[in-house]
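The next block holds one structure in the form of structure tokens; read it before the comments.
Given the structure is predicted, the values throughout are model-derived calculations rather than measurements. In the text below, chain A, chain B and the rest are named by the order of the sequence lines, each starting its count at 1.
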Amino acid sequence: MIDKTVASMADAMAGIQDGSIILLGGFGAVGQPDTLLDGLIEHGARNLTIVANNAGAHRVGLARLMEMRRVGRIVCSFPRSSSSVIFEELYRAGEIELEIVPQGTLSERIRAAGAGIGGFYTPTAVGTKLADGKEMREIDGRMMVLETALHGDVALLEAWQADRWGNLTYNKSGRNFNPVMAMAAKTTIVQAHHIVKLGQLDPEHIITPGIFVDRIYPLNGAAA
Amino acid sequence: MIDKTVASMADAMAGIQDGSIILLGGFGAVGQPDTLLDGLIEHGARNLTIVANNAGAHRVGLARLMEMRRVGRIVCSFPRSSSSVIFEELYRAGEIELEIVPQGTLSERIRAAGAGIGGFYTPTAVGTKLADGKEMREIDGRMMVLETALHGDVALLEAWQADRWGNLTYNKSGRNFNPVMAMAAKTTIVQAHHIVKLGQLDPEHIITPGIFVDRIYPLNGAAA
Amino acid sequence: MTLWTRTEMAARAAADIPEGWYVNLGIGMPTMVADQVSADREVIFHSENGVLGTGPAPAPEDADPWLINAGKQHVTLRTGGSYVSHSDSFAIIRGGHLDLCVLGAFEVAENGDVANWATSENDTAPAVGGAMDLAAGAKRLWVLMEHTTKDGRPKLVQRCGNPLTALACVKRVYTNMAVLDITEAGFSVVEMAPGVTREALIAATQAELIFQ
Amino acid sequence: MTLWTRTEMAARAAADIPEGWYVNLGIGMPTMVADQVSADREVIFHSENGVLGTGPAPAPEDADPWLINAGKQHVTLRTGGSYVSHSDSFAIIRGGHLDLCVLGAFEVAENGDVANWATSENDTAPAVGGAMDLAAGAKRLWVLMEHTTKDGRPKLVQRCGNPLTALACVKRVYTNMAVLDITEAGFSVVEMAPGVTREALIAATQAELIFQ
């Protein structure tokens, strides 16, 4: 019997290596795997590359991980906000590497990894410094830049409902990067608000099928 | 007030030009826009390029359109079946042009058109005659072939439920190519089994949002 | 000379949006455009984080923590709206499915270049978000911004000095002084705020102006 | 010498599939593998047309016209299954998410090349379907086929004569005579059908065989 739910946070984090590329779901505070981030802090992996839309806020979660000097590199579209204090300190001090990627190119590069695409041509960023040094070509009369797939070792995600096969639904704008990141990591780990019985999710309404999911961490304790 | 439902088949077909590229949803007989195909036959457009998984069956729908010599070219993954008699006759007689595309490359090329991607690299078909003459490159140690976006002028699709904004759901394996083709045509025309009131579809369960849809043809007559 | 207020600028842009358009509004002043479209006119607003059909801001006590827009503000979903993933949301943006995007900007050049994500001074860790995708992907791009910087420098220019967001894509600019189309020949004045003179507009603009 | 029947071949392959694998079965004989996996072992079958978790064929009177597999046969959906679009279905295939694909073939070469979509004789309008995507995309590819053609020609060869489906991707072949792994050194015999001799197998194969 397939059962992807894990019994403990230690099981959820098992095997995450130093130097891993971690895909982090969420947009703003919504759909962000806060509990798994606490687990990652506890777990101890270092020298991580984080791929996420934002660069953490205040002194918790991702920001705390950075403050502990556990993140060597961040790939994101929007690192700066009023509360991204830790990131900005580290960045000014030259203690963290930053790759800025347009939000849609970020999402598309992650999808490419998930869908077996090695690279793709997009008009986004043509003529800007984010395309500096990148290969360009004209397609159908429009200049485009070559972008490559962005693979993760681990994805840390948040879902609304999950069953033991790892089928997932999301809640409103909590969907965001979670489905696409689920496809693109060697190990996809999901914190879920509600564990439901297999068959309880309508097959038409499942957003992420379990094939993309490896481990489910129930946020409210026991599985159904 | 937005209302994408059309009052007649003539309205559904309005403006389809000779020489158009038509994306046809469906896989086998499921999710195939048979009624719209009858409308297209009636409408009269000629010299069409058809993009579909299959090359028609028996002497109805797409096969009938081909029999009337209205299709100059077909792009598909699986033209041959026991009932694809019309296509095979025309093909042997040199009266129809055929582009064979691996099914996943077909779907991905259509998605690329819908998502603003000019082209992409895939390992599918490398080393086979379907990659003959195509540009290749090695990415991450693997040879890949460059494939380009496949745009439609018109998509003819089938949905299960639709509302007046054009939000759609599908029924079981009737989903297939329909959502991806909805994204990739200048004009997307959908035959729907059930017209529902705006708001009746759960925002979490809509598979194709109305932004991708231009016209809805109700299969059962009146709108709700 | 009475300059348009921010609300008037938003209302001026809103009046030009036909019913049935799908529209993305950038963070900041462009967001105000939504409030200037009356609820009986169906204009469908899209937000990068996967919300299609955002409605008015909720009363604070009704805010749903799971429903925000790209500016991280609480929003509502109007009847007919839907949720999509980031992947599908940016397929909407990049695939040319939005009828319109309205962005704020630091500068707009007479050829339609736009700079709105990083200034030369503070671009050590600039935040681009979805601006480049929107500018390159939407069917049309309008910019809504003050005509000059706080210290009086022109923001409509011959050539942008700040890092570019996208090339030659702005179609129309709404400022507190005027509405201008970007044409083959450069900035073409569509309308001026009450009492703004040609001379005042020319003085506040660092590019040629075409008056009809 | 007793050759394995088609059902025995399917059962032999099925026995090698661990619980929890996601598996795509090609049209024809590979489809028979599903019936050889007992329902209490959770192996999840995927079909190209967007069905994840296909179950046994329904009784004819229970067939749902909306639910078919890639071979256009009526199927059922097992508890826990889901529907996806073609786009997502091929992201599953091409993104390396399937643990296994089992295909039929005209020929398999000793380096793992496979030819299964067109023969030299009839390839005027060949139908490739999803074969190239599956062969290139699945984590592992097994082939299930007769050891020789109907007129006795070897199908395990040094080099394929028919148009290729994909290069160097077959890991294992199940025939009516034997089970063979494809190794760096070529075909390695894992098991032979009862009474099949080394000599008989060598005679029926147009490539070197490695016997453990």
Check your understanding: Has C:Glu208 got more than 12 heavy atoms of other residues, nucleotides or ligands less than 6.0 Å from its CD?
Key -> no
Point to revise | A:Arg137, CZ atom: more than 12 neighbouring heavy atoms under 6.0 Å | key: yes
Exercise for review: Answer with side chain, backbone, both or neither: which region of C:Ala70 has an atom nearer than 4.5 Å to a non-hydrogen atom of chain A?
Suggested key: both
Check your understanding: How about residues 101-118 of chain A versus chain C: which residues have heavy atoms under 4.5 Å apart?
Key -> A:Val101, A:Pro102, A:Gln103, A:Gly104, A:Thr105, A:Ser107, A:Glu108, A:Arg111
Study note, to complete from the structure: Under 4.5 Å to a heavy atom of chain A? For C:Ser89 that would be neither
Point to revise | Residue selection (most heavy-atom pairs with chain C, distance under 4.5 Å) from A:Thr122, A:Val126, A:Leu130, A:Ile207 | key: A:Leu130
Check your understanding: Looking at C:Asp88, C:Asn49, C:Leu67, which one has more heavy-atom pairs under 4.5 Å with chain A than the rest?
Key -> C:Asn49
Point to revise | Positions in residues 169-192 of chain A that reach chain C, provided some heavy atom is under 4.5 Å away | key: A:Asn171, A:Lys172, A:Ser173, A:Gly174, A:Arg175, A:Asn176, A:Phe177, A:Pro179, A:Val180
Check your understanding: Under a 4.5 Å heavy-atom cutoff, which of C:Ala166, C:Gly129, C:Ala136, C:Gly130 has the most pairs with chain A?
Key -> C:Gly129
Point to revise | Residue part contacting chain C, namely of A:Glu99, when any heavy atom lies under 4.5 Å | key: neither
Review point. Which distance, rounded to the nearest 0.5 Å, do you find between the OG of A:Ser77 and the CH2 of C:Trp117?
Key: 11.0 Å
Practice item. Measure the spacing between CZ of A:Phe78 and CD of C:Glu48 and express it to the nearest 0.5 Å. Key: 10.0 Å
Review point. Quick one: what part of C:Ile93 sits under 4.5 Å from any heavy atom of chain A, side chain, backbone, both or neither?
Key: neither
Review point. Hey, is CG on A:Asp140 packed in by over 12 heavy atoms from elsewhere, all under 6.0 Å?
Key: no
Practice item. Look at A:Met143, A:Glu88, A:His193 and state which one has the largest set of heavy-atom pairs under 4.5 Å with chain C. Key: A:His193
Exercise for review: Among the options C:Gly50, C:Ser87, C:Pro65, pick out the one with the most heavy-atom pairs lying under 4.5 Å from chain A.
Suggested key: C:Ser87
Check your understanding: Under a 4.5 Å heavy-atom cut-off, does chain A meet the side chain of C:Tyr83, its backbone, both or neither?
Key -> both
Study note, to complete from the structure: When the 4.5 angstrom heavy-atom criterion is applied to C:Asp64 and chain A, the contacting part is side chain
Revision key, fill the gap. Separation between CZ (A:Phe27) and OG (C:Ser47), nearest 0.5 Å, reads 6.5 Å
Check your understanding: Most heavy-atom pairs under 4.5 angstrom with chain C, which of A:Asn54, A:Asn53, A:Thr128?
Key -> A:Thr128
